[in-house]
Amino acid sequence: GLTPPPEAYPLFAGWQITITAGPEQLHLESFALTPRQRHEEAHAALQEVVELWQEGVTGAGESGGYAFSLENVEPPHESGLPTGVRLTIEFPLSANGLLLARLLPPRIDWALLHAVLAQLAPTSERANELIWQQVTLSQPLDLRSGAARWLGVAAGLEQQAAELEAAGSATDATDVADVSGAEAALRARIQAVNYRAAAEEWRRLAEQSWLLFTFQVEEPVFAALNQAPPSRSWYATASSPSQMFLFQAQVVNVNRALALLLVGFAGVVGAAGVLWSLL
């Protein structure tokens with residue numbers, strides 16, 4: 001009775017989310033840090049979420065294209081490396097994260113993942129020029145709603161700690177002289193310490209969560225030339241202000257380039273034929 005209920009503690013210690021998006025791809029990889037003593041519980045909770053997603057996308061008739069995987073990361077304690085669960089999501093073409101966000105349980109531990117998925121809908125536009133294409137990719141994103149929920153829990157626990165501390169301090173000298181009164185005052189102070197410790201875990205969860213977002217244009221020309229495709233990355237923490245990720249790149253319009261090549265070749269052949277006939 002001296003500690004907050006189990007649900008007052010976060011299931012995770014941080015979220016490290018990496019998203020790679022482009023005209024033909026949308027890939028999310030998240031490493032969920034877990035407290036070592038709750039690692040198995042956190043892994044089981046994520047496994048349940050993946051099963052909900054698999055059933056949900058099948059029910060929505062969108063099973064094709066989605067791919068989910070979980071990797072359990074539990075290094076030896078003496079290694080000093082963090083424990084966690086790596087979640088990977090491959091989205092089908094033209095998909096977004098809204099369906100998966102709707103299928104997440106209402107548990108506050110998923111607040112940041114829900115905020116990311118609910119907004120994840122990158123747009124792609126192409127503007128054709130003579131033999132070039134201008135590709136414009138955009139994605140607005142704001143993570144503060146997830147962090148605000150966690151910090152709200154922390155504030156509530158801090159308030160409860162202050163009330164408990166005040167109750168312990170309010171015990172007058174007469175009560176302290178009594179064994180039961182002294183015990184009640186001590187219990188209240190210990191509870192206050194434990195509630196503050198739980199609040200600190202929620203704040204640490206917000207501090208240790210971040211997002212790395214990358215736009216990347218995969219084109220066959222770059223692969224053929226063994227060159228890295230055009231890309232740009234952004235880093236955001238759970239408390240970063242709203243951002244618009246915008247990326248523009250120029251790529252070869254392969255169809256038009258081939259058409260111009262064929263037209264040019266036909267023109268050369270035609271000119272050669274005319275010259276031959278004049279001879």
What distance do E200 atom CD and L205 atom CG have between them, rounded to the nearest 0.5 Å?
11.5 Å
Give the intermediate values and the outcome of side-chain contact (heavy atoms from CB on, under 4.5 Å) for residues L100 and V57.
CA-CA 8 Å; L100 302 186; V57 297; 4.0 Å; yes
Over all heavy atoms of both residues, which pair between P35 and T83 is shortest? Give the atoms and the distance, please.
C-OG1, 4.2 Å
Same cluster or not: L112 versus L104, using hydrophobic residues (I, L, V, M, F, W, Y) connected whenever any side-chain heavy atoms lie under 4.5 Å apart?
yes
Dump the intermediate steps for side-chain hydrogen bond (donor to acceptor under 3.5 Å, both in side chains) on T20 and T214, then the final yes or no.
CA-CA 5 Å; T20 304; T214 299; 4.9 Å; no
Tell me the closest heavy-atom pair linking L81 and R36, and the distance in Å.
O-NH2, 3.2 Å
Heavy-atom distance under 4.5 Å between the side chains of H39 and N72, does that happen here?
yes
Would a hydrophobic clustering, with Ile, Leu, Val, Met, Phe, Trp and Tyr connected at side-chain separations under 4.5 Å, put V73 with L87?
no
What distance separates Y195 OH from E163 CD, expressed to the nearest 0.5 Å?
10.5 Å
Out of curiosity, does L70 fall in the hydrophobic cluster containing L113 (side-chain heavy atoms, cut-off under 4.5 Å, transitive links)?
yes
Atom CD of residue position E125 - does it have more than 12 heavy atoms of other residues, nucleotides or ligands inside 6.0 Å?
no
Is Q139 reaching over with its side chain to a backbone N or O of Q119, donor-acceptor style, under 3.5 angstrom?
yes
Ignoring hydrogens, what is the shortest heavy-atom contact between L157 and A8? Give both atom names and the distance.
CD1-O, 3.7 Å
Could you tell me which non-hydrogen atom of A45 sits nearest to which non-hydrogen atom of L11, and how far apart they are?
CB-CD2, 3.7 Å
Would you say that L120 contacts F213 through its side chain, given a criterion of any heavy-atom pair below 4.5 Å between the two side chains?
yes
Under a 4.5 Å side-chain heavy-atom rule over Ile, Leu, Val, Met, Phe, Trp and Tyr, are W234 and L143 clustered together?
yes
Any P122 side-chain heavy atom under 4.5 Å of F245 side chain
no
In this structure, OG1 of T34 is separated from CD of E74 (nearest 0.5 Å) by 7.5 Å
Looking at every non-hydrogen atom in both residues, tell me the closest pair between A101 and L117 and how far apart they are.
CB-CB, 3.8 Å
Where do Q243 and A236 come nearest, in terms of heavy atoms and distance?
NE2-CB, 3.4 Å
I19 vs V116, side-chain contact (heavy atoms from CB on, under 4.5 Å): CA-CA, chis, key distance, verdict:
CA-CA 10 Å; I19 297 173; V116 171; 3.7 Å; yes
Between atom CG of L93 and atom OG of S124, what is the distance when rounded to the nearest 0.5 Å?
11.0 Å
In the structure I gave you, are the side-chain heavy atoms of P10 and W150 within less than 4.5 Å of one another anywhere?
no
Audit row: Y9, R38, side-chain contact (heavy atoms from CB on, under 4.5 Å) steps and yes/no
CA-CA 10 Å; Y9 293 92; R38 302 190 70 183; 3.6 Å; yes
Given side chains that start at C-beta, do those of L52 and P105 come closer than 4.5 Å, heavy atoms only?
yes
Indicate yes or no: at least one non-hydrogen side-chain atom of P4 is less than 4.5 angstrom from one of Q160.
no
Yes or no on side-chain contact (heavy atoms from CB on, under 4.5 Å) for F12 and L46, after CA distance, side-chain angles and deciding distance?
CA-CA 11 Å; F12 302 98; L46 268 169; 4.0 Å; yes
What distance do Q134 atom CD and Q248 atom CD have between them, rounded to the nearest 0.5 Å?
5.0 Å
So CG of D109 and CD of E7: to nearest 0.5 Å the spacing works out to 10.5 Å
Establish whether L26 and I89 are linked, either directly or via other cluster members, by ILVMFWY side-chain heavy-atom contacts under 4.5 Å.
yes
Lys/Arg-Asp/Glu bridge criterion (N-O < 4.0 Å) met for R203, E158:
yes
Taking T18's backbone N and O only, do any of them form a donor-acceptor pair with W210's side chain (distance below 3.5 Å, no angle check)?
no
Suppose we call two aromatic rings close when their centres sit under 6.0 Å apart. Are Y66 and W53 close by that rule?
no
Got a donor-acceptor contact below 3.5 angstrom from the S209 side chain to the W15 backbone?
yes
